[in-house]
Visitor: 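The structure's right below; bear with me while I get my questions together.
Keep in mind the model is a prediction, meaning the values are calculated, not measured. We count residues from 1, following the sequence as given.
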Amino acid sequence: MKGLKLYIVSYNEFKDRYGALYHTVFDEEDTGQVPSHVYIGFLDGEYVGFFSAYIHNIDCIYMQYGGFIDKFKGVMSLGIFKQTVNYIHEEFDGIIFRAKNTNIKVIKLALSAGFKIIGVRHDKDLYVEM
């Protein structure tokens, strides 16, 4: 997507502002997670959204949370998501995450971006692992 700029910051560099970043996308307070990486996107200088992640192993990162502000949800989100995934792949071969099985929008987005379902997990709710 032309005009998209992605930045990566460590949680330690950004922890004072992470809660506000999370709140702008999810309209709720942070759940207490501590990511190792925070990817922040801007399209033509305007904040798009973020992805938080932690290093799963030397070759793989686990996405914890991510999303877009309302203006960038829908049609634009696939292009932004694909470009973000490509950006992350510059550093890590693998990206994994899980989504509630009822979160059809996220599952469709991930499948459209090339993710494959690798399993399911039951942890109070049923999650699809990709």
Visitor: Salt bridge (charged side-chain N to carboxylate O under 4.0 Å, His left out) with Lys100: which residues, sequence neighbours excluded?
Guide: Asp125
Visitor: Would you say Val25 and Leu6 are hydrophobically clustered, going by side-chain heavy atoms of ILVMFWY under 4.5 Å?
Guide: yes
Visitor: Is Leu4 reachable from Ile95 through a run of hydrophobic residues whose side-chain heavy atoms are each under 4.5 Å from the next?
Guide: yes
Visitor: Show every salt bridge (charged side-chain N to carboxylate O under 4.0 Å, His left out) that has at least one partner inside residues 74-85, sequence neighbours left out.
Guide: none
Visitor: May I have the list of side-chain donor-acceptor pairs in residues 36-45 shorter than 3.5 Å, sequence neighbours left out?
Guide:
from: Ser36; atom 1: OG; to: Ala53; atom 2: O; distance (Å): 3.4
from: Ser36; atom 1: OG; to: Ile55; atom 2: N; distance (Å): 3.2

Visitor: Would a single hydrophobic cluster contain both Ile69 and Phe81, if residues Ile, Leu, Val, Met, Phe, Trp and Tyr are joined by side-chain heavy-atom contacts under 4.5 Å?
Guide: yes
Visitor: Is Met63 reachable from Tyr65 through a run of I, L, V, M, F, W or Y residues, each pair having side-chain heavy atoms under 4.5 Å apart?
Guide: yes
Visitor: Test of understanding: with side-chain hydrogen bond (donor to acceptor under 3.5 Å, both in side chains), list the residues that count as partners of Lys73, not counting sequence neighbours.
Guide: Asp70
Visitor: Please list, chain by chain and in numerical order, all residues satisfying side-chain hydrogen bond (donor to acceptor under 3.5 Å, both in side chains) with Ser52, sequence neighbours excluded.
Guide: Tyr18, Gln33
Visitor: What residues, two or more places apart in sequence or in another chain, satisfy side-chain contact (heavy atoms from CB on, under 4.5 Å) together with Glu28?
Guide: Tyr22, Phe26
Visitor: Can you list every side chain to side chain donor-acceptor pair (under 3.5 Å) pair that touches residues 85-97, not counting sequence neighbours?
Guide: none
Visitor: Which residues pass the side-chain contact (heavy atoms from CB on, under 4.5 Å) test with Asn57, sequence neighbours left out?
Guide: Asp59, Cys60
Visitor: What do you reckon, are the aromatic ring centroids of Phe50 and Phe68 less than 6.0 Å apart?
Guide: no
Visitor: Clusters formed by hydrophobic residues whose side-chain heavy atoms approach within less than 4.5 Å: which one holds Tyr127, and what are its other members?
Guide: none
Visitor: Restricting to salt bridge (charged side-chain N to carboxylate O under 4.0 Å, His left out), what partner residues turn up for Lys71, sequence neighbours left out?
Guide: Glu46
Visitor: Contact between Phe72 and Ile80 at the side-chain level, heavy atoms closer than 4.5 Å - yes or no?
Guide: yes
Visitor: Going only through I, L, V, M, F, W and Y residues with side-chain contacts under 4.5 Å, is there a path from Leu126 to Val128?
Guide: no
Visitor: Tabulate below the donor-acceptor pairs under 3.5 Å that side-chain atoms of residues 106-124 make, not counting sequence neighbours, or state none.
Guide:
from: Ser112; atom 1: OG; to: Lys108; atom 2: O; distance (Å): 2.9
from: Arg121; atom 1: NE; to: Glu129; atom 2: OE2; distance (Å): 3.3
from: Arg121; atom 1: NH2; to: Glu129; atom 2: OE2; distance (Å): 3.1

Visitor: State, with a plain yes or no, whether a side-chain heavy atom of Leu21 is found less than 4.5 Å away from one of Phe14.
Guide: yes
Visitor: Under the side-chain contact (heavy atoms from CB on, under 4.5 Å) criterion, do Ile96 and Met130 qualify, and how do the steps go?
Guide: CA-CA 6 Å; Ile96 57 174; Met130 305 180 92; over 6 Å; no
Visitor: Applying side-chain contact (heavy atoms from CB on, under 4.5 Å), run through Phe97 and Gln64 and close with a yes or a no.
Guide: CA-CA 7 Å; Phe97 74 95; Gln64 294 173 299; over 6 Å; no
Visitor: Among residues two or more places apart or on two chains, list those pairs meeting salt bridge (charged side-chain N to carboxylate O under 4.0 Å, His left out) that have a residue in residues 7-20.
Guide: none
Visitor: State, with a plain yes or no, whether a side-chain heavy atom of Glu29 is found less than 4.5 Å away from one of His23.
Guide: yes
